[in-house]
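Have a look at the structure below before the remarks.
This is a predicted model, so every value here is computed, not measured. Reckoned from all heavy atoms, side chains included, excluding hydrogens, waters and symmetry mates. Residue numbers begin at 1 in each chain, while the letters A, B, ... track the order of the sequences.
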There are 2 protein chains.
Amino acid sequence: MLKNLSDTRPGTVEAIAATLTEAVLEHRVLPGTKLSEDEVGEIFGVGRTVVRQALRTLAHEGLLTIERNRGAFVSRPTVKQAREVFEARALLEPRTARAAAERATPGDIAALEKHIDEEHAALSGDLAGRALKLSGHFHTEIARIANQVTIEAFIRQLVSRSSLVIALYWRRRNALCESHSHHALVDALRHHDGAGAEELMKGHLLDLLSQLDLAPQPEKTLSLADALLR
Amino acid sequence: MLKNLSDTRPGTVEAIAATLTEAVLEHRVLPGTKLSEDEVGEIFGVGRTVVRQALRTLAHEGLLTIERNRGAFVSRPTVKQAREVFEARALLEPRTARAAAERATPGDIAALEKHIDEEHAALSGDLAGRALKLSGHFHTEIARIANQVTIEAFIRQLVSRSSLVIALYWRRRNALCESHSHHALVDALRHHDGAGAEELMKGHLLDLLSQLDLAPQPEKTLSLADALLR
DNA sequence: AGAATATATATTGTATACAATCTTTGCCTA
DNA sequence: TAGGCAAAGATTGTATACAATATATATTCT
């Protein structure tokens with residue numbers, strides 16, 4: 001169904017798309033940033049043809065928005081889109097966590113714990129962006145454990161978009177403290193507690209959502225004048 | 001988030017992708033078929049550059065599989081992928097139907113009934129492929145009514161892949177008789193019966209699944225010798 | 001004859017040239 | 001000086017030429 005992704009040699013569309021994705025997920029490139037074809041092509045040492053394909057790939061994931069004759073920009077999800085992302089996650093992830101709990105092997109648990117450790121290390125090293133990316137990877141990893149490739153792809157997309165949402169709507173200045181929820185989830189998986197995992201995931205997603213500032217519509221057309229005179 | 005899809009002028013990537021998608025959804029092009037770039041380009045009167053982008057779009061939706069240096073083929077979902085499609089739909093669609101029931105306006109109901117009529121007309125006219133496409137459209141329409149653009153995109157993808165699954169694993173020769181389920185669903189929506197709609201959708205999806213022949217793994221590596229000596 | 005190899009053909013992968021479109025800048029006019 | 005207009009510049013859209021790879025055909029050797 002999906003394309004053969006085994007080809008990750010440098011210079012390929014897939015490799016460039018992956019590198020760009022990582023940069024967006026780690027907030028090294030922020031929403032609204034323009035990705036010019038020439039610029040990206042020069043960086044990776046390839047022509048515009050292959051850059052174009054990579055940009056379209058990211059656009060399809062929702063990370064970029066391509067405007068005809070204007071170029072590709074890192075997406076700026078609206079409040080509605082932000083809500084939808086978490087509503088979709090609420091439908092997919094709790095049940096997937098349950099399935100994962102029923103199938104998790106000791107190797108799976110070890111992998112998850114390694115993820116948490118790396119996340120913690122990144123936070124200690126003040127690499128909030130990297131920590132955020134790893135924290136997202138934790139969620140797709142659960143789908144992988146549940147042996148659901150299709151759902152995993154959807155969750156990957158939603159997690160990616162969540163990263164954009166966090167970049168735009170994160171409330172506090174301090175980093176997300178997700179390690180506690182993630183630890184509890186790993187425990188539930190370890191004990192094959194499907195119902196518990198489902199509930200924990202549900203709560204975890206609500207928790208995340210509650211830390212976003214999605215309440216008042218941030219006036220899409222907030223002109224400079226309005227901002228100054230208010 | 002998504003790209004500006006308003007540009008559907010003929011000759012654009014979007015228009016070509018849409019036409020190809022329709023052909024696959026209506027089973028006019030069957031799984032396994034190769035879509036050569038030159039061939040498609042000649043048909044639409046465009047160069048390979050734009051065809052290539054369209055093919056990659058379809059590949060991302062799961063409708064095509066692109067093999068490096070070999071070309072694009074209409075995907076042939078495995079039994080596992082087929083199951084996953086319906087498992088994902090089971091997570092997304094029932095709850096979405098509930099939300100749709102709570103929001104449905106008289107206009108929405110009318111639109112759904114129009115869909116059902118067209119589907120019935122297509123069946124009468126022996127256009128099973130067209131009926132199948134319309135029947136899929138019914139499902140995405142419900143997501144639209146639920147006012148969930150993100151989930152709608154996922155469901156659209158899953159419905160598309162379902163069409164491939166049906167092409168490969170459909171059991172009977174007679175057409176799918178979905179109009180009854182769809183009619184019942186519309187009734188639930190009309191009366192804002194969220195719980196009912198959720199249950200009906202759940203049952204409808206199970207019904208569909210039960211009409212597929214996914215039981216024995218079709219031995220991916222079934223050699224000719226094995227087949228003859230068994 | 002049959003298998004392995006070599007050649008030829010066809011198809012995809014990539015860069016680039018040219019066209020179309022948008023953006024910016026400078027100029028002119030009221 | 002503000003507004004509009006026009007030209008210049010920059011960026012994306014598309015086709016095409018050439019390179020790389022895969023497939024099909026022909027050939028040779030045992």
Mind checking whether A/Q148 and A/I155 have side chains closer than 4.5 Å, heavy atoms only? no

Tell me, do B/K80 and B/R83 make a side-chain contact under 4.5 Å, heavy atoms counted? no

State which of [options] makes the closest approach to the side chain of [X].
X     : options                : result
A/K34 : D/dT14, C/dT12, D/dT12 : D/dT12
A/N69 : D/dT14, C/dT12, C/dT21 : C/dT21
A/V46 : C/dT12, C/dA15, D/dT12 : C/dA15

Quick one: [X] [atom1] to [N] [atom2], roughly how many Å, whole number?
X     : N      : atom1 : atom2 : value
B/E39 : C/dT12 : CD    : C1'   : 14 Å
B/E37 : D/dA15 : CD    : P     : 13 Å
A/I16 : C/dG13 : CD1   : P     : 15 Å
B/E42 : C/dT11 : CD    : C1'   : 14 Å
B/E67 : C/dT12 : CD    : C1'   : 12 Å
B/R48 : C/dT16 : CZ    : C1'   : 14 Å
A/I66 : D/dT11 : CD1   : P     : 17 Å
A/D38 : C/dT16 : CG    : P     : 11 Å

Taking the six-membered ring for Trp, are A/H115 and A/H182 closer than 6.0 Å centroid to centroid? no

Donor-acceptor pair under 3.5 Å, A/S36 side chain vs D/dT12 base: no

Mark yes or no for whether B/R156, through its side chain, and B/E61, through its backbone, hold a donor-acceptor pair below 3.5 Å. no

Side-chain donor or acceptor of A/S135 paired with backbone N/O of A/A131 under 3.5 Å: no

Any B/R70 side-chain nitrogen or oxygen under 4.0 Å from OP1 or OP2 of D/dT23: yes

Please confirm whether the shortest side-chain N or O distance from A/R68 to OP1 or OP2 of D/dT14 is below 4.0 Å. yes

Given DNA chain C, 5'-ward residue of the pair A/G45 and B/A72, judged by closest heavy atom: B/A72

